[in-house]
Amino acid sequence: MKAITEEILRYELRNSQPDVYVVPAGAILTPAAKEYLQQRKIKYQMKSNFRDQVTAGGADHGKTESAGAAPQQDAKAPAAAKPEPAALPRPKYKDHETGAFYYEKPEQMTQLYGNELVNKDDPRIVFRGKLDSTQSLVVLAQAVIHENGCQALVEDLNDILRHLRELMRCDVLAEDVPEMTTIGLSHAELRERSHDPMKFYKIKQMLLPDYTMGINYAYLNQIRTQIRETELSACTAFKEGGKYKRRDIIEELNRLSSALHIMMCKYLAGDYTGGGN
């Protein structure tokens, strides 16, 4: 049977103050651990108890008295009905890492999936922030490029924005990223054209941006680099040991950066009509 010590609790609860701490089935709290929870005014829930009741840190409810402790009742007398325990309010949130329960959401935490909470500096939340800021940059670029009269470029950026929003939705709902074309190209076509822009657009590969190329081109380059940063954030968020959980999201971000490179090449090649600087 595993013993949960005060030291273990101090480590698990170092960044949180749950209302209820759940003791896993088959585990026990040491006396020092119970005292620690009592000092922090954290209730605990013994999963191994029959009624799975929440205790206040003093005594473990649900234990039965030893046999013979109470006087025997007459065989004909009906057994006294045991009072039902008072119903406890149902916690609203659960700690994704520790399994602890919260009645109210702590300010330093946010929802990862459903009612499961993580700290706001969790790598997965940082990734979602990057994804959000990338979308805001695309919208800003569209507003400026629209004023410059290059509607075809605005429409391609709409496609990029659609993909970014779909990635956010799939991450939050834990769904697989569906197969999608980007600016009319499959993943294989994006990769091929990005690696050989001279063949398709008569443009050298990855020309270093310069202010003389204009504001529209500068915005495309900024979006490309922002997507690259978001991809790196995704690699950090979804890495578990030496493996990556959401390779579909990482791959889609990689192809989106290729799409921006292609759009930059098309812009320099004059493929976007009305592309004033």
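Sequential numbering from 1 along the given sequence is applied to the chain's residues. Because only heavy atoms are used, hydrogens play no part in the values below, and waters and symmetry mates are left out as well, while side chains stay in.
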> Output all residues satisfying salt bridge (Lys or Arg N to Asp or Glu O under 4.0 Å) with Arg165, sequence neighbours left out; order by chain, then residue number.
none
> Applying salt bridge (Lys or Arg N to Asp or Glu O under 4.0 Å) as the test, list every pair that has at least one member in residues 133-158; sequence neighbours left out.
Asp156-Lys266
> What residues form a salt bridge (Lys or Arg N to Asp or Glu O under 4.0 Å) with Glu104, not counting sequence neighbours?
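Salt bridge (Lys or Arg N to Asp or Glu O under 4.0 Å) list for Glu104, sorted by chain: Lys92.
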> Could you name each residue pair satisfying salt bridge (Lys or Arg N to Asp or Glu O under 4.0 Å) that touches residues 249-260, not counting sequence neighbours?
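The answer is none; no pair qualifies.
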> Are Met180 and Val172 in one and the same hydrophobic cluster, where Ile, Leu, Val, Met, Phe, Trp and Tyr link if side-chain heavy atoms are under 4.5 Å apart?
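Both belong to a single hydrophobic cluster.
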> Taking side-chain hydrogen bond (donor to acceptor under 3.5 Å, both in side chains) as the cut-off, I'd like each qualifying pair that reaches into residues 108-119, sequence neighbours left out, listed once.
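Non-adjacent pairs meeting side-chain hydrogen bond (donor to acceptor under 3.5 Å, both in side chains): His96-Glu116.
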> Only pairs under 3.5 Å count here: list side-chain donor-acceptor contacts from residues 237-245, not counting sequence neighbours, and write none if there are none.
none

> State which residues pass salt bridge (Lys or Arg N to Asp or Glu O under 4.0 Å) with Glu189; sequence neighbours excluded, sorted by chain then number.
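Checked Glu189 against salt bridge (Lys or Arg N to Asp or Glu O under 4.0 Å); zero matches.
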> Flag yes if more than 12 heavy atoms outside His146 fall under 6.0 Å of its NE2 atom; otherwise flag no.
no
> Identify, with sequence neighbours excluded, every residue that meets side chain to side chain donor-acceptor pair (under 3.5 Å) alongside Gln135.
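Gln135 satisfies side chain to side chain donor-acceptor pair (under 3.5 Å) with no residue once adjacent residues are dropped.
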> Quick one: list whatever passes side-chain contact (heavy atoms from CB on, under 4.5 Å) with Glu6, sequence neighbours left out.
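With neighbours one apart ignored, the set is Arg10, Ala32, Tyr36.
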> Under the salt bridge (Lys or Arg N to Asp or Glu O under 4.0 Å) rule, what pairs show up with a residue in residues 170-181, not counting sequence neighbours?
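Counting only pairs at least two positions apart or across chains, the salt bridge (Lys or Arg N to Asp or Glu O under 4.0 Å) contacts touching residues 170-181 are Arg128-Asp171, Arg169-Glu175.
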> With a 3.5 Å cut-off and no angle check, do the side chains of Asp271 and Tyr201 form a donor-acceptor pair?
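No.
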> Around atom CZ of Arg40, are there more than 12 heavy atoms from other residues, nucleotides or ligands closer than 6.0 Å?
yes
> Ignoring hydrogens and angles, state whether a donor on the side chain of Thr230 or Thr134 is under 3.5 Å from an acceptor on the partner side chain.
yes
> Identify, with sequence neighbours excluded, every residue that meets side chain to side chain donor-acceptor pair (under 3.5 Å) alongside Ser257.
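Ser257: no side chain to side chain donor-acceptor pair (under 3.5 Å) contacts found.
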> Under the rule for side chain to side chain donor-acceptor pair (under 3.5 Å), what residues qualify as partners of Arg247, not counting sequence neighbours?
none
> Check the pair Leu190, Thr182 against side-chain contact (heavy atoms from CB on, under 4.5 Å), reporting the backbone distance first and the verdict last.
CA-CA 8 Å; Leu190 288 169; Thr182 310; 3.8 Å; yes
